[in-house]
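Following: one structure in structure tokens, then a few remarks.
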Amino acid sequence: MRSIFSRMIHHKCRQGVYPSSNVKRFEVPETKVSWNVEYAEYQPVEYTAPVLKGKPWADPEISDTSFTPNWNAIDGKVNRKSFMGNYVINKDGYPLNPIGRTGIIGRGLLGRWGPNHAADPIVTRWKRNASGDTDVNKNTKKPILQFVTIQRRDSGEWAIPGGMVDPGETVSTTLKREFMEETMNSLGKSKEEREKLEKSIKDFFENGEEIYKGYVDDPRNTDNAWMETVALNFHDHDNSVVGKITLIAGDDARNVKWMDIDKSLNLYANHSEFIKETVQKHNAHW
């Protein structure tokens, strides 16, 4: 069971060249992912992106004597807890990826050692035909669900419009903020326009249904830093809230659109799994 689980959520973070670099991961076969399995030949490349140096939101190096993190706990305003349970700190003081080896040590592009927490809002609606009726797939006889998706600037892949949880910020605040910044270009609006937009969707983002909480198979993961997320579904049943607002790509997004959901979806990280779970909750077409 562990092997199947790790293969599902620990695949994209073991592939080829690390994002935005020419650094190639050391090969990690499926049978050697677990830390419990001996892998004497394992010589992972060390890589921490230069862009992280000096950033106020990023951790310093483990060797920095002023850096005394409180692992597996809330460390000031930084959440260093993992949804996967307590992670191991090795003899050199580095946290170990709870799923296993990735072929790279260091932080890569991630700001925090250990878990880096994100939040992913899955905003859905029913696809409707020209008459306004719910569109039904001819083969499955089930209604077609659509979700708001963005095209990432860094990789060009389509994804759920999520983002990092800021220190001291609640997940619900992150969900609303990231959705507005990435799909409504709220960063380019005036204070009055932002306030009007926030008021119109405030209630909509009050009550989401949890779809997933845990480790993310993110291509930025390393042996010592990894992504975790909380994914919540916000469903606009009658297309009366988000459906009335013009979607405009902003922040980290190239494009934004409503996308039909079916089993051919190939999204960033393991976002397709989140969408599949959402479809099952709504008993929609897949």
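Residue numbers run from 1 in the order of the sequence given.
Taking CD1 of I122 as the start and OG1 of T149 as the end, the distance is 11.0 Å to the nearest 0.5 Å. The CZ atom of R153 lies 12.0 Å from the OG atom of S155; values are rounded to the nearest 0.5 Å. A distance of 8.5 Å separates CZ in R80 from CG in N70, rounded to the nearest 0.5 Å. Taking NZ of K127 as the start and CG of L145 as the end, the distance is 11.5 Å to the nearest 0.5 Å. To the nearest 0.5 Å, atom NZ of residue K138 and atom CD1 of residue I144 are 10.0 Å apart. Distance check, rounded to the nearest 0.5 Å: OG of S272 to CG of L267 gives 3.5 Å.
The main-chain N or O of G132 is found under 3.5 Å from a side-chain atom of N129 such that the two form a donor-acceptor pair. A donor-acceptor pair under 3.5 Å links the side-chain atoms of T174 to the main chain of T170, judged by distance alone.
For K77, the side chain to side chain contact (heavy atoms under 4.5 Å, CB included) criterion is met by P167, not counting sequence neighbours.
Pairing each heavy atom of P143 with each of N283, the nearest pair is CD-O, 4.1 Å. Closest approach of K176 to I201, counting heavy atoms only: CG-CD1, 4.4 Å. Closest non-hydrogen pair, I150 versus V256, comes out as CG2-CG2, 4.0 Å. Of all heavy-atom pairs between P121 and A119, the closest is CD-O, 3.8 Å. Considering every non-hydrogen atom in both V123 and F179, the closest pair reads CG2-CE1, 3.4 Å. The two atoms that bring P60 and W113 nearest to each other are O-NE1, 2.8 Å, heavy atoms only.
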Before giving the answer on salt bridge (Lys or Arg N to Asp or Glu O under 4.0 Å), spell out for K142 and D262 the whole-Å C-alpha distance, their side-chain angles and the decisive distance to 0.1 Å. CA-CA 11 Å; K142 290 186 175 183; D262 63 33; over 6 Å; no
Under the side-chain contact (heavy atoms from CB on, under 4.5 Å) rule, what do Y268 and D217 come out as? Steps first, then yes or no, please. CA-CA 9 Å; Y268 179 80; D217 183 19; over 6 Å; no
So T102 and V28, side-chain contact (heavy atoms from CB on, under 4.5 Å) or not? Walk me through it. CA-CA 7 Å; T102 67; V28 182; over 6 Å; no
May I have the step-by-step check of side-chain contact (heavy atoms from CB on, under 4.5 Å) for H271 and W158, ending in yes or no? CA-CA 9 Å; H271 288 187; W158 290 92; over 6 Å; no
Can you list the steps and then say if W258 with V242 is a side-chain contact (heavy atoms from CB on, under 4.5 Å)? CA-CA 11 Å; W258 286 98; V242 179; 3.9 Å; yes
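The hydrophobic cluster containing I104 does not contain L96, counting ILVMFWY residues as joined when their side-chain heavy atoms lie under 4.5 angstrom apart, directly or transitively. The cluster map of Ile, Leu, Val, Met, Phe, Trp and Tyr, joined by side-chain heavy atoms under 4.5 Å apart, puts V23 and Y94 in different clusters. Linking Ile, Leu, Val, Met, Phe, Trp and Tyr residues whenever their side-chain heavy atoms come within less than 4.5 Å places W286 and W126 in a single cluster. Y212 and I261 fall within a single hydrophobic cluster, where Ile, Leu, Val, Met, Phe, Trp and Tyr side chains are chained together by heavy-atom contacts under 4.5 Å. Connection of M227 to L52 is not established within any shared hydrophobic cluster, with ILVMFWY side chains joined at heavy-atom distances below 4.5 Å, either directly or through further cluster members.
Geometrically, R101 engages Y42 in a cation-pi contact defined by less than 6.0 Å to the ring centre and at most 45° from the axis.
A side-chain contact (heavy atoms from CB on, under 4.5 Å) with C13 is found for one member of V216, N221, D223, N270 and no other, namely N221. Partner of T229 under the side-chain hydrogen bond (donor to acceptor under 3.5 Å, both in side chains) criterion, chosen from N116, D218, D120: D120. Remark: of the listed residues N233, T278, D236, N233 is the sole one forming a side-chain hydrogen bond (donor to acceptor under 3.5 Å, both in side chains) with T124.
With no hydrogens or angles considered, a side-chain donor-acceptor pair links S66 and D64 at under 3.5 Å. For E61 and S63, the side-chain atoms include no donor-acceptor pair closer than 3.5 Å.
Residue E27 places its CD atom among 12 or fewer non-hydrogen atoms of other residues, nucleotides or ligands, all under 6.0 Å distant. Within a 6.0 Å radius of NZ in K55, more than 12 heavy atoms belonging to other residues, nucleotides or ligands are found. Counted within 6.0 Å of CG on D92, heavy atoms from surrounding residues, nucleotides or ligands total more than 12; the atom is thus considered enclosed. By the neighbour-count criterion of 12 heavy atoms within 6.0 Å, atom NZ of K81 is sparsely surrounded, having that number or fewer from other residues, nucleotides or ligands.
Aromatic ring orientation, Y47 versus Y18: perpendicular (interplanar angle above 60°, classes split at 30° and 60°). The aromatic rings of H10 and Y215 lie tilted to each other, with the angle between the two planes from 30° to 60°.
Side chains of I62 and F67 form a contact here, defined as non-hydrogen atoms less than 4.5 Å apart. R125 is not listed as a side-chain neighbour of F147, based on a closest heavy-atom distance of 4.5 Å or more. Between K257 and L247 there is no side-chain heavy-atom pair separated by less than 4.5 Å. Side-chain contact between E228 and M84 is present, with at least one heavy-atom pair separated by less than 4.5 Å. Here the side chains of W57 and D166 are not in contact, with every heavy-atom distance at 4.5 Å or above. The closest side-chain heavy-atom distance from R112 to R107 is not below 4.5 Å. Between E209 and K281 there is a side-chain heavy-atom pair separated by less than 4.5 Å. Side-chain contact between F234 and L232 is present, with heavy atoms from C-beta onward closer than 4.5 Å.
With respect to the salt-bridge test (charged N to carboxylate O, under 4.0 angstrom), the residues E30 and R14 qualify. Contact check on D154 versus R254 returns no salt bridge, with no Lys/Arg side-chain nitrogen under 4.0 Å from an Asp/Glu carboxylate oxygen. Ion pairing of E169 with R177 is present here, as a side-chain N (NZ or NE/NH1/NH2) and a carboxylate O approach within less than 4.0 Å. Look at R128 and D133 and you find no salt bridge, because none of the NZ, NE, NH1 or NH2 atoms lies under 4.0 Å from a carboxylate O.
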